[in-house]
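First the structure, in the form of structure tokens, and then the observations on it.
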Amino acid sequence: TAPGANKASGSRTSDSAITADAPTTHPPLLSFVEEIAALTQPDRIHWVDGSEAEHRRLTDELVEAGTFTRLTSPDFPNSFAAFSDPADVARVESRTFICSENERDAGFTNNWVEPAQMRETLRGVFDGAMRGRTMYVIPFVMGHLDAEDPKFGVEITDSAYVVTSMRIMARIGTDVLHKIQELDAFFVPAVHSVGAPLESGQRDVPWPCNEEKYIVHYPETREIWSYGSGYGGNALLGKKCYALRIASVMARDEGWLAEHMLILKLTSPANRSYIIAGAFPSACGKTNLALIDPTLDGWKAETLGDDITWIRPGHDGEFRVINPESGYFGVAPGTGWHTNANAMRAIAKGNSVFTNCALTDDGGVWWEGMTQEPPAHLTDWRGEDWTPESDLPAAHPNARFCTPIDQTDMLAEEYFEPNGVKLDAILFGGRRKTTVPLVTQARDWNHGIFFGATLSSETTAAAEGAVGNVRRDPMAMLPFIGYDAGDYLKHWVEVSDEADQAKLPEIFLVNWFRKGRDGKIAWPGFSENSRVLKWVTERLEGGGKAVETPIGFTPTMDGLDLSGLEISPEALTDSITVHRDEWITELEGIDEWFAQFGDSLPESIAAQSEELRRRLTP
Ligand code: GTP
Ligand code: SPV
Ligand code: MN
């Protein structure tokens, strides 16, 4: 099958009993459903319409099954808590595969298996995988239904938890189904099973999953197959699997970018608005910045998105951005009234699903950092009694809230623009204790790509594995680039050819996490990041006090607006200073990193590290 085309309709058995009561006559969709049903052998098929009545029925069933706990506290209306299997709490990068025809096209950052071999493996594990369960068919669109080029998908899943979460995270249901048929549009076929068939009479568990997991992408045919996990990025296939891995391949072929970025609209006291996107690795501050409450007087922030951004060259030579999602799947711990009141207000409107948070005795949820004082007693995410004296955290460090984005008071009206809004600046940021200063402006587009290409961060709980090791994470996309990483950087270089050079966004490197001489994080972060954003907008206007350092432009000691902020001169120095010796060491790490790209590293980006070397050598 060619990219952008679903399988030929001729292959389907049109009289199949499987789809006799289907709400569509669209042949490629019917044959997809028939094929997967024949393979996985579910007890029944449910076509998801996305309605309120359906949502009520499904959540009732999930409560009945023990997967959901209905929250009875008035602080969390129409909301539910779910607790995963303790071994199914995060994305599984070691079990994520890009199965391109040629190994070279998956690149060194991805796991690769020959597609024919993977298809055979998956045929084995999916054979009968939905026995005893309902197979749900979820038509969805990433981005707006009335966009110029809407991007459709159909997720087949045997998890009602996935259906209720997808209803928050993407536009799903009957309208989408009709549009696919009306436009005879391509849809990404996405198949998900928890991998836990039920024999007749077998009792289900609250969180079925399988020790063996596969998160598989076929970039050429734009297919997704996910097996064995019910969790977030492994199972809500519109999110990382489609909107980043598959979409990055579509974007390469069609001349745009699919990125792991937040989108923020910032308005100055002079009433000028700026659209800023930010790529930070998982659990490194996107949701927090997307929902910032600026501490600076007269500055207003509104949000468009917190995790995924699609960037397209517009008709007018500008880059335009949209958020393809419709909800937050945010890290719960650390989200609190004192750090992220905007998120808390959205959550307080209800209609949310909480995964691996702790339960309060009055039927609500709690996590570390929600309030400054923990409650006296909780039931932790494992179902154990918890008190403030307990050694283990009450919520899993990667516990998540899933909340509709339109519950955000500070949602920007541009969120509703089907074809997006002009992008002014891009921030790349990581979690680094040393070396990387608070904010640095790139000299030009390719220098900015170099910031992104060499982005690094200490690992977090958002993926399985050890926490706290520095790893390179190009554009915060290391686990999400659906093709060769060198080709991806080349595409970033080339995509600017599509745009008006005078309208290209400015690019900045930020680090909220650098430690000071006292061993504590030097910069106060969170709302105070508005001071950095103000400097960014000043630089966009050709102002802002800066020094040129070997790594780019950084603020002078009096460059940031620090009015009303208590920060010692030492802490400020430790936040913004560039240390030549640290960068000479950093360059060794960059050399090692770039060596891994082999000859797929674009010359213009390799040249950037030579330029840095030259600038660091007195
Ligand atoms: P994903 O949803 O996994 O992609 O994560 P994210 O990038 O949206 O991360 P999020 O905003 O949820 O932040 C994750 C963690 O970083 C939380 O524990 C926050 O408390 C912490 N954090 C966010 N912003 C700041 C900041 O400015 N300073 C400091 N010190 N910590 C921050
Ligand atoms: C991330 O890990 O970057 C997330 C959460 O946003 S997940 O949906 O699980 O990918
Ligand atoms: Mn993310």
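As the structure lists them, so they are numbered: ligands from 1, and atoms in each ligand from 1. What you are looking at is a predicted structure, and each value in this text was computed from that prediction instead of being measured. When reading the values below, keep in mind they use all heavy atoms of this one structure, side chains included, and skip hydrogens, waters and symmetry mates.
Comparing Phe526, Phe329, Trp367 by heavy-atom distance to atom 28 (N) of ligand 1, the nearest is Phe526. Comparing Trp512, Phe401, Trp523, Phe513 against atom 31 (N) of ligand 1, the shortest heavy-atom distance belongs to Phe513. Evaluated by nearest non-hydrogen atom to atom 17 (C) of ligand 1, the leading choice among Gly525, Ala463, Pro333 is Pro333. Distances from atom 6 (P) of ligand 1 to the heavy atoms of Arg400, Arg514, Lys286 put Lys286 nearest.
Taking 4.0 Å as the cut-off, Lys286 does not count as a neighbour of ligand 2 on heavy-atom distance. Heavy atoms of Gly330 stay at 4.0 angstrom or farther from ligand 1. Using a 4.0 Å cutoff on heavy atoms, Glu528 does not count as a contact of ligand 1. Ligand 1 lies less than 4.0 angstrom from a heavy atom belonging to Pro281. For Thr339, the heavy-atom gap to ligand 1 stays at 4.0 angstrom or more.
The nearest N/O/S atom of Asp307 to the Mn ion (ligand 3) is OD1. For His260, the N/O/S atom at the shortest distance from the Mn ion (ligand 3) is named NE2.
Residues Phe97 and Trp225 place their aromatic rings such that the two centres sit no closer than 6.0 Å. Annotation: Phe76 is in aromatic contact with Phe354 [ring centroid separation under 6.0 Å]. If you look at Trp523 and Phe513, their ring centroids are not closer than 6.0 Å. Between Phe152 and Phe187, the ring centre distance reaches or exceeds 6.0 Å.
Counting non-hydrogen atoms of other residues, nucleotides and ligands closer than 6.0 Å to CG of Asn469 gives a total above 12.
Contacts of Ile521 with ligand 1, taken as heavy-atom pairs under 4.0 Å, involve the side chain alone. By the criterion of a heavy-atom distance under 4.0 Å, the side chain of Asp307, and not its backbone, is placed next to ligand 2. Residue-level proximity to ligand 1 for Cys284 is carried by the backbone, the only part with a heavy atom below 4.0 angstrom. Under 4.0 Å from ligand 1, not a single heavy atom of Leu262 appears.
In summary, of the residues considered (Leu289, Thr295, Asp561), a side chain to side chain contact (heavy atoms under 4.5 Å, CB included) with Ser530 occurs for Thr295 alone.
At least one N or O atom of His260, backbone or side chain, sits closer than 3.5 Å to an N or O atom of ligand 2. Taking any N or O of Pro524, backbone or side chain, none lies under 3.5 Å from an N or O belonging to ligand 1. Taking any N or O of Arg431, backbone or side chain, at least one lies under 3.5 Å from an N or O belonging to ligand 1. Checking only distances, Tyr231 never comes within under 3.5 Å of ligand 2, N or O to N or O. At least one N or O atom of Ala283, backbone or side chain, sits closer than 3.5 Å to an N or O atom of ligand 1. Any N or O atom pair closer than 3.5 Å counts here, and Gly232 shares no such pair with ligand 2.
Atom 7 (S) of ligand 2 has as its closest protein heavy atom Gly233 N, 3.5 Å. The protein non-hydrogen atom at the shortest distance from atom 19 (C) of ligand 1 is Asn288 ND2, 3.7 Å. Among protein heavy atoms, the minimum distance from atom 6 (O) of ligand 2 is reached at Lys240 NZ, 2.6 Å.
Atoms of ligand 2 lying under 4.0 Å from any heavy atom of Ala462, numbered from 1 in the order shown and given with element: 2 (O). Shown in contact with Ser282 at under 4.0 Å from a heavy atom are these atoms of ligand 1, numbered in order with element: 1 (P), 3 (O), 4 (O), 5 (O). Those atoms of ligand 2 that come under 4.0 Å of a heavy atom in Ser282, given as number and element, are 1 (C), 2 (O), 3 (O).
Using cut-offs of 30° and 60° for the angle between ring planes, the Phe480 and His260 rings count as perpendicular.
Between Thr267 and Tyr274, the side chains place no donor N or O within less than 3.5 Å of an acceptor N or O (distance only, hydrogens not considered). Side chain to side chain, Arg472 and Thr454 fail the donor-acceptor criterion of an N or O pair below 3.5 Å.
A salt bridge links Lys349 with Asp409; the closest basic N to acidic carboxylate O contact falls under 4.0 Å. Ion pair Asp306/Lys286 not flagged as a salt bridge, since none of the NZ, NE, NH1 or NH2 atoms sits closer than 4.0 Å to an Asp/Glu carboxylate oxygen. Under 4.0 Å is where a charged nitrogen must lie from a carboxylate oxygen, and between Glu211 and Arg95 no such pair does. Looking at Arg91 and Glu464, no side-chain N of the basic residue comes within less than 4.0 Å of a carboxylate O on the acidic one, giving no salt bridge.
The closest donor-acceptor contact from the side chain of Arg431 to the backbone of Ala283 lies under 3.5 Å. Of the possible polar contacts, one joining the Arg400 side chain to the Phe329 backbone as a donor-acceptor pair under 3.5 Å is found.
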> Between Tyr227 and Asn210, does a side chain to side chain donor-acceptor pair (under 3.5 Å) hold up when you go through it step by step?
Replying inline: CA-CA 8 Å; Tyr227 179 86; Asn210 196 303; 3.3 Å; yes
